[in-house]
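Everything on this sheet refers to the single structure shown next.
Counting convention: from 1, in listed order, for ligands and their atoms alike. Along the sequence shown, residues are numbered consecutively beginning with 1.
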Amino acid sequence: MPVSALPSILDLTKQLVRAAVGSGATVIDATVGNGHDTLFLAELVGPSGRVFGFDVQESALMHARERLATAGVAERVTLFHAGHHTLLHCLPAACIGTVRAAMFNLGYLPGSDKQVVTVPETTIAALDAVLGVLAPGGIVTVHVYTGHAGGMEEALRVQQWCDALDWAAFRAIRYGWCNKERNSEALVVVERLQGSTVHERKQETVDA
Ligand SMILES: C[S@@+](CC[C@H](N)C(=O)[O-])C[C@H]1O[C@@H](n2cnc3c(N)ncnc32)[C@H](O)[C@@H]1O
């Protein structure tokens, strides 16, 4: 089997999140699924940190709860059985401007119902919302997939959303494979600049 020295999209995501998040930080897992990324975040922030997680699939959240409990980190994680676009309603007001990282792993949960998939309307609403809680120096990572029905459209909508971000307040960058033809994927990262002021963005209205 050929071996690559290049980091996978997931490895790269974790590398960037590690650089932005310290012990005691507040972070968000916007697509908890079975909780792999939630566990990564919970270990990163340590006992004095806080992780808020969202998913629309209760069965996935059950697996995530088990994973977090087994690792002994459950008490530092709050899981919401809710769409990520509701995050401003779910998070304590004290979180505004304090979130060091928010991870979005879009698409469907492998091994579960492929009909339950992130969709552009709520993804963009959640991304808009997350900018309102991000700390200066905080980052948003968005792992996009184009291989499933609707994936390409969602990736394009995320790209357009990034294109419209104010350069004075944010940097947005995209990392992706050049020659992966099937089931391609990419990582989009948005950083809120230190010292930046975030003007309130008009959030798309989406049913909760
Ligand atoms: C690629 S999976 C995430 C994998 C996960 N990070 C893990 O470690 O297992 C995408 C997840 O997004 C969830 N999802 C779909 N629509 C959502 C929404 N509007 N809000 C929050 N989660 C959503 C799906 O239920 C699925 O679990």
Side-chain angles (χ1 to χ4, degrees), residues 8-18 21 27-45 51-71 73-74 76-91 99 101-133 139-155 157-158 161 176 180 182-189 203-208:
S8 68
I9 297 285
L10 182 59
D11 289 343
L12 189 55
T13 305
K14 288 182 174 176
Q15 201 175 305
L16 294 167
V17 170
R18 269 190 213 100
V21 174
V27 297
I28 295 172
D29 185 350
T31 48
V32 168
N34 290 328
H36 294 98
D37 298 329
T38 323
L39 176 57
F40 161 73
L41 288 169
E43 287 175 339
L44 201 56
V45 300
V51 183
F52 296 99
F54 295 83
D55 206 291
V56 291
Q57 284 194 76
E58 180 55 32
S59 55
L61 288 171
M62 271 173 54
H63 290 132
R65 277 189 208 101
E66 275 171 32
R67 188 180 308 284
L68 298 167
T70 303
V73 299
R76 66 189 82 157
V77 180
T78 306
L79 296 179
F80 296 102
H81 180 203
H84 37 218
H85 59 286
T86 67
L87 74 87
L88 287 180
H89 303 289
C90 295
L91 263 52
V99 171
M103 292 177 73
F104 287 74
N105 187 352
L106 302 181
Y108 61 87
L109 184 63
S112 83
D113 183 356
K114 290 188 181 173
Q115 304 300 316
V116 185
V117 64
T118 57
V119 292
E121 195 184 28
T122 42
T123 298
I124 299 302
L127 289 171
D128 273 338
V130 94
L131 293 188
V133 296
I139 64 167
V140 185
T141 65
V142 192
H143 192 157
V144 297
Y145 303 84
T146 56
H148 62 280
M152 183 62 85
E153 190 207 337
E154 187 172 43
R157 289 284 300 277
V158 171
W161 177 82
K180 190 171 187 225
R182 295 184 58 232
N183 299 328
S184 202
E185 53 182 335
L187 170 64
V188 172
V189 185
Q203 201 180 335
E204 284 178 38
T205 309
V206 185
D207 291 337

Worksheet item: Could you walk me through whether L91 and I28 pass the side-chain contact (heavy atoms from CB on, under 4.5 Å) check?
Response: CA-CA 10 Å; L91 263 52; I28 295 172; 3.7 Å; yes

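- Considering each of H84, E58, H63, the one bringing a non-hydrogen atom nearest atom 21 (C) of ligand 1 is H84.
- Of the options T118, L109, D55, the smallest heavy-atom separation from atom 11 (C) of ligand 1 is shown by D55.
- Side-chain atoms of D29 and T31, non-hydrogen and from C-beta on, do get closer than 4.5 Å to each other.
- Applying the 4.0 Å criterion to heavy atoms of G107 picks out, from ligand 1, the atoms 10 (C).
- Atom numbering of ligand 1 starts at 1 in the shown order; those under 4.0 Å from a heavy atom of D37 are 6 (N), 8 (O).
- For V119, the heavy-atom gap to ligand 1 stays at 4.0 angstrom or more.
- For the residue pair E185 / T146, no side-chain donor-acceptor distance below 3.5 Å is found, with atom types taken as modelled.
- Contacts with ligand 1 closer than 4.0 Å are made by backbone heavy atoms (N, CA, C, O) of A30 only, the side chain lying farther away.
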Practice prompt. Could you go through the side-chain contact (heavy atoms from CB on, under 4.5 Å) check for Q115 and Y108 one step at a time?
Written response: CA-CA 7 Å; Q115 304 300 316; Y108 61 87; over 6 Å; no

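- Side-chain contact between D55 and H81 is absent, with no heavy-atom pair separated by less than 4.5 Å.
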Discussion item. One pair to check against side-chain contact (heavy atoms from CB on, under 4.5 Å): V144 and E154. What are the steps and the verdict?
Written reply: CA-CA 8 Å; V144 297; E154 187 172 43; 5.8 Å; no

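- Shown are T38, L39, V32, N34; of these, the side-chain contact (heavy atoms from CB on, under 4.5 Å) with H36 is made only by N34.
- Near L106, with a cut-off below 4.0 Å to any heavy atom, the atoms of ligand 1 are 1 (C).
- At least one N/O-N/O distance between T31 and ligand 1 falls below 3.5 Å.
- At the shortest separation from atom 10 (C) of ligand 1 among protein heavy atoms lies N105 O, 3.3 Å.
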Item to complete: For the pair L187 and L10, evaluate side-chain contact (heavy atoms from CB on, under 4.5 Å) and give the outcome as yes or no after the intermediate values.
Response: CA-CA 8 Å; L187 170 64; L10 182 59; over 6 Å; no

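- Contact atoms of ligand 1 toward V32: 5 (C), 6 (N), 7 (C), 8 (O), 9 (O) (distance under 4.0 Å to a heavy atom of the residue).
- By heavy-atom distance, the residue among T38, L39, N34 lying nearest atom 9 (O) of ligand 1 is N34.
- By the criterion of a heavy-atom distance under 4.0 Å, neither the backbone nor the side chain of T123 is placed next to ligand 1.
- Evaluation of the ring pair (Phe, Tyr, Trp, His ring centres under 6.0 Å) rule for F104 yields H84 as partners, not counting sequence neighbours.
- For ligand 1, the atoms lying closer than 4.0 Å to a non-hydrogen atom of V116 are 25 (O).
- Using a cut-off of 4.0 Å between Lys/Arg side-chain N and Asp/Glu carboxylate O, R65 and E58 are scored as salt-bridged.
- Regarding atom 8 (O) of ligand 1, its nearest protein heavy-atom neighbour is H36 N, 3.1 Å.
- Annotation: atom 17 (C) of ligand 1 to nearest protein heavy atom, V56 CG2, 3.8 Å.
- For Y108, the heavy-atom gap to ligand 1 drops under 4.0 angstrom.
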